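Have a look at the structure below before the remarks.
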Number of protein chains: 2
Amino acid sequence: MVTLATVSKVAGVSTATVSRVLNQPHKVDRNTRQVVEKAIEKLGYRPNQYARGLASKTSKTIGVIVNRFSSTYYGFMLDGVEEALVEYGYKTLAESSRETAEGENQALLSLIDRQCDALVIHTNKLTDIELAQYQNKARPIVFMNRKVQACENESIYLDNKSAGQLAASYLLQKGHTSFAMVTGPKSYHESVSRTNGFISTLKEHAITIDKDCIIESDFTVQGGYDSLCRLLKQQKHFTAIFFHNDEMAAGAYKACREHGIAIPSQISILGFDDAVIASHLTPGLTTIEQPLAEIGRASGLLALSLLKNKPEIFQGSKLFTATVKERDSVKDINRE
Amino acid sequence: MVTLATVSKVAGVSTATVSRVLNQPHKVDRNTRQVVEKAIEKLGYRPNQYARGLASKTSKTIGVIVNRFSSTYYGFMLDGVEEALVEYGYKTLAESSRETAEGENQALLSLIDRQCDALVIHTNKLTDIELAQYQNKARPIVFMNRKVQACENESIYLDNKSAGQLAASYLLQKGHTSFAMVTGPKSYHESVSRTNGFISTLKEHAITIDKDCIIESDFTVQGGYDSLCRLLKQQKHFTAIFFHNDEMAAGAYKACREHGIAIPSQISILGFDDAVIASHLTPGLTTIEQPLAEIGRASGLLALSLLKNKPEIFQGSKLFTATVKERDSVKDINRE
DNA sequence: GTGATATATGTAAGCGCTTACATCAAGTTA
DNA sequence: TAACTTGATGTAAGCGCTTACATATATCAC
């Protein structure tokens, strides 16, 4: 095995010098540096990251937690984080929590055990209070797409209230005046904020939404399907439904097909996320787009900036805004 | 900071004993063990994985390489790998190659630097010869969904030739006799095998496929769209098209919509993968399903079994078979 | 009781690095 | 020229673990 010592012997210098050319090259004489670099090259030496980490107490690695890998929702954020870190020579250690509180805790501990210099985590199950306890100057934790009370400086997230308002404004602008909404679980802060935003804008226009027309669901296709069936059964009147994500909207498409309801002529549907499926649905799903990759990227950069204590690395805003991705699932009633 | 030494002092034993209760508890007396465990608990001690790795030359970590995270294709495999490893107390260190040869090389080296005990990699760019050079008894490398010559024992993959045959048989069974095919890049072994399988079965039925009706594309939605447009321009006759993945098939849906061609009445479409979008397309895309999560799981298990030299961990077959996931995009011509 | 065997624990030498500190040569100042 | 910088390099002490080996104690056959 080729170690620092091997290189130092071949190069005829001390191990300290070799270590210096690796970590603080400016402190080594040009000629010596070249000799060492040649030896490294020749031997194909690669530093042992564990020895490095043990000695320096830093791993050049940032741990990331997501619910699971098999959803592009997390995939886009992960790609964003990795992209940001690669630029700075940092590695991503990604772990999934498998959507359980226990998984989130375990992943958190395990990433800390692995000496991650910082953490970028997306969590749903742990409470703000539990999360705040993990915060620690030595090892910054960035909360990705979540606002954690008492850790707002380390939270990167979408302005979900504005996004809800945007959804309402958009539908109003298209002439709709009577609505339904299928939300995510109330335990998710996103759901609550989106709901509040949506309702508040309606209120501004003196429109109220029937309590029965707000259904709490679970972000799944099946959940969306079930919710739509329930809404139909109630026989309440509405011309547009706002779904808190595209999967649920896709479930609604299926239910509509089965009930012979045409989108958007009989019912308008507005999704959320701009997931991959949104463009493949027929008609194309109009949806509130959130910049997931950007959010991931920002989270990565924020982690680095906190870690290195260099504010210049992360300059932008911690709050992201959603936009409307217009396709064909919302009818413009004004044009009738 | 709480270290092994802290625990040993509190428990009144040597560090060796503490280390033993952590790694080989049966070698420690019941009473001593309890005392130590209590101390660990009380102090909230967590072993430093870097020190552990340095001393033991093992990291209990398996490195995984995928093209990127933002595709469920890789996501499902990743989830599969992680699921398998978690059972055995191993961690997943996932890195993306960003679909470049350089990225694949870098990721490979970087995971080795990080002392991964084994690697599970999905690569497209590196050649069999390059990959074989990385193989090494000390650190097994499993090739996920790829057959690498000279490393067949470490390759877990779909039987793409049979899958191609299955595609042909299915379409034949539905009464089709005239075909087109849109393949993935020829540089991908999957594309070649699927093509060969497809053609060979047709040949068995004395059917040939016009060279112009086989189009090489790139696995993207846009690629599928373009390919269909090209096929239509040629004015050749065919009733069914076999696409090498669902994204391309989705692109074809779009092209059909624009050209006013009805699926499946005017043209039948068969996809590959059973991606998430397949069920959301209208009509539902009939597709050749490959068990990605299973392939990931098997890869993880194989890596563990090679690593620990315990054949019993990985028992199954290294070759997976595709199945038909039937939806509504293939017309049954017999029923006319 | 003796020697052999098994079981439990401790001692201490690393694992491959980083880095504070020491050393030394060469240049600078008055 | 003596005293002081400065820059380049070396020495060696860890970082927090694991583990081969040594030691101590208990058990057992005879």
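Note that this is a predicted model, so its numbers are computed, not measured. Naming convention: chains lettered A, B, ... in sequence-line order (proteins, then strands); numbering from 1 in each chain.
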#### Entry: Whole angstrom value for the distance that separates P of C:dG10 from CD of B:Gln24
15 Å
### Task
Inspect the contact between A:Arg146 and A:Asp128 and indicate whether a charged nitrogen and a carboxylate oxygen are less than 4.0 angstrom apart.
yes
### First encountered from the 5' end of DNA chain C, between B:Gly12 and B:Ser56
B:Gly12
### Message
Under the criterion side chain to side chain contact (heavy atoms under 4.5 Å, CB included), I'd like the reasoning laid out for B:Glu130 against B:Thr127: C-alpha separation, chi angles, the key distance, then a yes or no.
### Response
CA-CA 5 Å; B:Glu130 291 170 312; B:Thr127 64; 3.2 Å; yes
### Query
To the nearest angstrom, how far is B:Arg30 atom CZ from C:dT7 atom P?
17 Å
### Task
Determine whether more than 12 heavy atoms belonging to other residues, nucleotides or ligands lie under 6.0 Å from atom NZ of A:Lys308.
yes
### Message
Is it the case that atom CD in B:Glu41 sees more than 12 heavy atoms from other parts of the structure closer than 6.0 Å?
### Response
no
### Task
Under 4.0 Å from any atom of DNA chain D, heavy atoms only: list the residues of residues 37-55 of chain A that qualify, in numerical order.
A:Leu54, A:Ala55
### Message
Taking the nucleotide of DNA chain D with the nearest heavy atom to each, does A:Arg33 or B:Leu22 sit closer to the 5' end?
### Response
A:Arg33
### Message
Return whichever of A:Met1 or A:Ala16 has its heavy-atom-nearest nucleotide of DNA chain C closer to the 5' end.
### Response
A:Met1
Indicate every side-chain donor-acceptor pair of residues 70-87 of chain B with a distance under 3.5 Å to a residue at least two apart or in another chain.
{"residue": "B:Ser70", "atom": "OG", "partner": "A:Asp79", "partner atom": "OD2", "Å": "2.5"}
{"residue": "B:Ser71", "atom": "OG", "partner": "B:Tyr73", "partner atom": "N", "Å": "3.2"}
{"residue": "B:Tyr73", "atom": "OH", "partner": "B:Asn145", "partner atom": "ND2", "Å": "3.3"}
{"residue": "B:Tyr74", "atom": "OH", "partner": "B:Asn67", "partner atom": "ND2", "Å": "2.7"}
{"residue": "B:Asp79", "atom": "OD1", "partner": "A:Phe69", "partner atom": "N", "Å": "3.0"}
{"residue": "B:Asp79", "atom": "OD2", "partner": "A:Ser70", "partner atom": "N", "Å": "3.2"}
{"residue": "B:Asp79", "atom": "OD2", "partner": "A:Ser70", "partner atom": "OG", "Å": "2.5"}
{"residue": "B:Glu82", "atom": "OE1", "partner": "A:Ser96", "partner atom": "OG", "Å": "2.5"}
{"residue": "B:Glu82", "atom": "OE2", "partner": "A:Ser96", "partner atom": "N", "Å": "3.1"}
{"residue": "B:Glu83", "atom": "OE2", "partner": "B:Arg297", "partner atom": "NH1", "Å": "2.9"}
{"residue": "B:Glu87", "atom": "OE2", "partner": "B:Arg297", "partner atom": "NH1", "Å": "3.0"}

### Task
Tell me, yes or no, whether the heavy-atom count around A:Gln315 atom CD, taken from other residues, nucleotides or ligands under 6.0 Å, exceeds 12.
yes
### Task
Extract, from 5' to 3' on DNA chain D, the first and final nucleotides lying under 4.0 angstrom from some heavy atom of chain B.
D:dG16 to D:dA20
#### Entry: side-chain hydrogen bond (donor to acceptor under 3.5 Å, both in side chains) between B:Glu95 and B:Ser110, intermediate numbers included
CA-CA 9 Å; B:Glu95 198 157 324; B:Ser110 133; 3.2 Å; yes
### Summary
Between B:Val2 and A:Thr15, whichever has its closest DNA chain D nucleotide further toward 5' is A:Thr15
### Query
NA contact type, A:Ser19, heavy-atom cut-off 4.0 Å: base, sugar-phosphate, or nothing?
base
### Message
For A:Lys318, I'd like to know if atom NZ has over 12 heavy atoms of other residues, nucleotides or ligands within 6.0 Å.
### Response
yes
